Colleague: 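Structure below; questions to follow.
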Amino acid sequence: MAVYQVLVVDDSAFMRKIVTDLIEADSEFKVTATASNGKEAIQKALELKPDMITMDVEMPEMNGLDALKSIMEDSFIPVIMLSGINEQGMKETIMALEAGAFDFIRKPSVVHDQDIAQVGKALVERMRAAMHEVKRKAERKESIKKMEASRNTVIPPAQPVKKEDTSKEVVEPLQKTVPPILPKRENSFEERTGVLQAKKQPSVPLSPPKSERTITKKDGLGKPDQSARTKTDIPSKPPVSSLQARKEVRSPEVPRLQTKQPATSSASAPVPAKEPTKLNTAFKTSAGSEGSFNKLVAIGSSTGGPRALKTLLEQLPADLPAPVIIVQHMPPNFTRSLAQRLNTFSPLHVVEAEDGMVLKKGTAYIAPGGFHLRVHKTADGRFILKLSEDQQVNGHRPSVDTMFESLLPFTSLQRHLVLLTGMGSDGARMMKKLYETGVTSTFAENEETCVVYGMPRSAVELQCVRHLLPLQEIAPRLVQAVK
């Protein structure tokens with residue numbers, strides 16, 4: 001069994017001792033060194049090159065966020081952030097996840113032994129997942145290198161020689177047949193040049209031998225210059241009839257074209273130009289439109305999710321004609337900081353979901369940590385969010401499966417499902433069930449860009465993913481599907 005070397009970083013000597021004990025309780029890991037601030041952490045990371053780092057968020061001299069950024073510039077080492085529950089600590093934790101931290105856990109409470117045990121279990125689980133992903137990515141990189149090497153050695157050096165030998169045999173009979181054709185080509189070329197000269201000469205009647213050509217050129221209309229003009233004018237009539245023919249063929253699309261015509265008129269041109277900008281600002285400032293919708297986007301993510309959600313949401317337009325509901329596996333309170341952070345990047349209005357909220361177009365709702373999120377339909381036809389503290393599903397609350405399951409009754413909605421990076425299989429089972437009922441707009445992040453290829457892999461194995469894409473390509477395809 002491999003023993004992974006860990007660097008523990010925390011400004012509290014007491015906390016460094018607790019974290020060290022929690023890590024070394026598992027024989028797979030050994031704490032090789034500790035550091036009391038960010039500067040010391042950077043120096044020891046360069047010297048010792050540990051397999052993994054646990055990093056406190058708030059420290060003197062240099063905090064964990066700045067130290068993380070510096071370490072990531074030099075080499076990729078999985079970093080798990082240890083965050084306090086105060087507002088500043090939560091904000092910096094979200095920023096650390098965006099900057100490349102593998103995951104985070106809450107700092108254990110020194111008062112409750114049970115809490116320390118739970119934090120220790122969560123820490124070791126994340127450390128194992130990080131090492132598994134490092135190994136998986138190294139194997140994937142090695143396999144890609146082997147594939148590229150095999151491609152470069154596919155063509156043997158002897159093949160070009162064989163091609164040259166066969167080409168000689170083919171060329172010889174072709175060369176024998178070429179000479180009889182050449183005189184014919186010369187004659188036809190002379191004929192063509194004669195015609196070209198006739199066209200270039202301003203006084204065609206001076207060349208009697210070409211009278212037949214001048215007659216056909218004039219067509220009884222007089223001088224050659226006039227005939228040239230008439231020839232350029234004559235084709236102007238057929239395009240008119242062809243245009244009319246096109247209009248007749250496209251007559252079913254006339255209503256669509258009429259909606260575009262006002263933009264071409266000078267009187268009404270400013271109206272369409274101003275309306276979209278008003279709508280975009282309205283979507284952002286007033287939390288979307290309360291108008292009816294028949295489309296909905298549902299997204300699930302876990303480890304690596306905050307960074308993936310940032311990439312995805314910042315590409316979704318403010319006038320997206322659908323609400324977006326999101327389950328990100330996170331403890332209570334952290335999801336509010338996540339929503340506030342994402343709202344600064346996304347054209348959509350991003351909020352932490354509350355019980356009874358009415359779904360609106362152009363708004364993204366993030367399930368609060370510690371609560372399941374479900375979609376309900378009211379008697380008056382509106383869609384609202386309901387929160388509950390029911391038992392965990394797949395070890396999570398909120399659960400992606402719970403959110404997806406709530407969408408099953410709403411067959412009148414065009415439902416678009418997305419699974420992003422994350423450990424485990426949460427969301428895959430209910431994506432499969434929705435897929436079997438006719439929901440084919442299903443997306444998953446591929447192995448190449450996932451921090452942890454767990455949840456998407458499970459959905460792929462259940463054969464319910466229609467679009468398996470790298471993270472940066474999901475948003476454009478999703479917008480295309482929704483619009």
Side-chain angles (χ1 to χ4, degrees), residues 2 4 28 51-52 72 75-81 96-105 122-148 298-313 315 326-330 338 393-396 398-401 403-404 416-432 434-435 441-478:
Y4 298 108
E28 262 188 278
D51 297 306
M52 183 180 303
M72 288 296 173
S75 61
F76 175 76
I77 300 175
V79 177
I80 297 176
M81 308 300 295
L97 295 173
E98 292 173 3
F102 180 81
D103 208 339
F104 80 101
I105 60 168
L123 176 59
V124 171
E125 180 186 44
R126 283 159 175 76
M127 291 170 67
R128 282 178 179 162
M131 290 296 95
H132 174 76
E133 289 305 310
V134 169
K135 183 179 178 181
R136 179 184 66 82
K137 289 182 178 180
E139 290 174 351
R140 177 180 171 81
K141 189 176 180 180
E142 186 64 27
S143 64
I144 290 172
K145 283 183 179 179
K146 288 180 180 179
M147 288 175 62
E148 290 176 350
I299 302 171
S301 57
S302 186
T303 308
R307 182 169 46 171
L309 287 171
K310 176 181 177 293
T311 300
L312 179 64
L313 293 184
Q315 296 183 68
I326 300 168
V327 164
Q328 163 67 44
H329 296 157
M330 265 189 171
L338 176 64
V393 176
N394 302 321
H396 299 286
S399 162
V400 184
D401 265 335
M403 175 184 65
F404 281 173
H416 306 270
L417 313 179
V418 183
L419 279 178
L420 301 176
T421 173
M423 287 191 293
S425 61
D426 190 26
R429 183 170 58 90
M430 282 302 159
M431 178 181 272
K432 173 68 171 178
L434 284 161
Y435 188 84
S441 184
T442 53
F443 298 79
E445 184 180 353
N446 70 5
E447 184 177 4
E448 180 185 352
T449 59
C450 273
V451 174
V452 179
Y453 189 54
M455 289 159 55
R457 181 203 292 271
S458 299
V460 170
E461 290 174 351
L462 290 177
Q463 300 181 352
C464 59
V465 175
R466 190 72 175 270
H467 308 283
L468 183 64
L469 301 167
L471 176 61
Q472 61 274 13
E473 294 182 19
I474 293 178
R477 294 290 294 273
L478 180 62

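Remember, it's a predicted structure, so these values are computed and weren't measured experimentally.
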Colleague: If you define the side chain from C-beta out and look only at heavy atoms, does anything of H132 sit under 4.5 Å from V452?
Modeller: no
Colleague: Nearest 0.5 Å please: distance from the NE2 atom of H416 over to the NE2 atom of H467.
Modeller: 9.5 Å
Colleague: Between the side chains of T421 and E445, is a donor N or O closer than 3.5 angstrom to an acceptor N or O?
Modeller: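 Their side chains do not contain a donor-acceptor pair, so the 3.5 Å distance test is not met.
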Colleague: Using side-chain heavy atoms (C-beta onward) and a distance below 4.5 Å, is E28 in contact with Y4?
Modeller: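 They are in side-chain contact.
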Colleague: Quick check: do Q472 and T449 have side-chain heavy atoms less than 4.5 Å from each other?
Modeller: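 Answer yes - side chains close enough.
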Colleague: For the backbone of A428 and the side chain of S458, can you confirm whether one donor and one acceptor N or O come within less than 3.5 Å of each other?
Modeller: no
Colleague: Taking side chain as C-beta onward, heavy atoms only, is L309 less than 4.5 Å from Q328?
Modeller: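 In short, these two side chains touch, coming nearer than 4.5 Å.
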Colleague: Please examine the side chains of L313 and I326, heavy atoms only from C-beta on, and report whether any two atoms are closer than 4.5 Å.
Modeller: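 They are in side-chain contact.
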Colleague: Please list, chain by chain and in numerical order, all residues satisfying side-chain contact (heavy atoms from CB on, under 4.5 Å) with E461, sequence neighbours excluded.
Modeller: R457
Colleague: Would a distance-only check, ignoring hydrogens and angles, find a side-chain to backbone donor-acceptor pair under 3.5 Å from K432 to L462?
Modeller: yes
Colleague: Could you tell me whether the side chain of T442 and the main chain of R466 form a donor-acceptor pair under 3.5 Å?
Modeller: yes
Colleague: Show the nearest heavy-atom pair for residues A129 and M423, with the distance to one decimal.
Modeller: CB-SD, 3.0 Å
Colleague: Please report the shortest heavy-atom distance between S399 and H396, naming the atom on each side.
Modeller: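 Here S399 and H396 meet closest at CB-O, 3.8 Å.
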Colleague: Which atoms form the tightest heavy-atom contact between A298 and F404, and what is the distance?
Modeller: CB-CE2, 3.6 Å
Colleague: Quick one: does S143's side chain have a donor or acceptor within less than 3.5 Å of a partner on R140's backbone?
Modeller: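 Judged by distance alone, yes, a pair lies under 3.5 Å.
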Colleague: For side-chain contact (heavy atoms from CB on, under 4.5 Å), just list the numbers for L338 and M330, CA-CA rounded to whole Å, side-chain angles, deciding distance to a tenth of an Å, and then say yes or no.
Modeller: CA-CA 9 Å; L338 176 64; M330 265 189 171; 4.0 Å; yes
Colleague: Taking T303's backbone N and O only, do any of them form a donor-acceptor pair with D103's side chain (distance below 3.5 Å, no angle check)?
Modeller: no
Colleague: I need the minimum non-hydrogen distance between A475 and Q315, along with the two atoms involved.
Modeller: CB-CB, 3.4 Å
Colleague: Roughly how far, to the nearest 0.5 Å, is the CZ atom of R128 from the CD atom of E133?
Modeller: 15.0 Å
Colleague: Using a strict cut-off of less than 4.0 Å between a Lys/Arg side-chain nitrogen and an Asp/Glu carboxylate oxygen, indicate whether E139 and R136 qualify as a salt bridge.
Modeller: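 No.
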Colleague: Do V134 and F102 pass the side-chain contact (heavy atoms from CB on, under 4.5 Å) test, and can you show the C-alpha distance, the side-chain angles, and the key distance before you say yes or no?
Modeller: CA-CA 11 Å; V134 169; F102 180 81; over 6 Å; no
Colleague: Considering non-hydrogen atoms only, spot the tightest contact between D426 and V400 and give its length.
Modeller: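 In terms of heavy atoms, the two residues are closest at OD2-N, 2.7 Å.
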Colleague: Pick from I474, V460, L468: which one makes a side-chain contact (heavy atoms from CB on, under 4.5 Å) with N446?
Modeller: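 It is L468, the one option of I474, V460, L468 that forms the side-chain contact (heavy atoms from CB on, under 4.5 Å) with N446.
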Colleague: With no hydrogens and no angle check, is any side-chain donor or acceptor of R126 less than 3.5 Å from a backbone partner on A122?
Modeller: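 Between the backbone of A122 and the side chain of R126 there is a qualifying donor-acceptor contact (under 3.5 Å).
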Colleague: Do E448 and Y453 have side chains that approach each other closer than 4.5 Å (heavy atoms only, starting at C-beta)?
Modeller: no
Colleague: Would you say T311's side chain and R307's backbone share a donor-acceptor pair under 3.5 angstrom?
Modeller: yes
Colleague: One pair to check against side-chain contact (heavy atoms from CB on, under 4.5 Å): F443 and L419. What are the steps and the verdict?
Modeller: CA-CA 6 Å; F443 298 79; L419 279 178; over 6 Å; no
Colleague: side-chain contact (heavy atoms from CB on, under 4.5 Å), that's the test. Do M52 and M131 meet it? Break it down for me.
Modeller: CA-CA 8 Å; M52 183 180 303; M131 290 296 95; 3.4 Å; yes
Colleague: If you measure from CE on M455 to OG on S302, what distance do you get to the nearest 0.5 Å?
Modeller: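 Between atom CE of M455 and atom OG of S302 there are 6.0 Å.
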Colleague: Might you point out which heavy atoms bring G427 and N394 nearest each other, and give the distance in Å?
Modeller: N-ND2, 4.4 Å
Colleague: Find the distance between CG (L420) and CG (L312) and round it off to the nearest 0.5 Å.
Modeller: 6.0 Å
Colleague: Kindly compute the distance separating OG (S425) from CG (D401), expressed to the nearest 0.5 Å.
Modeller: 7.5 Å
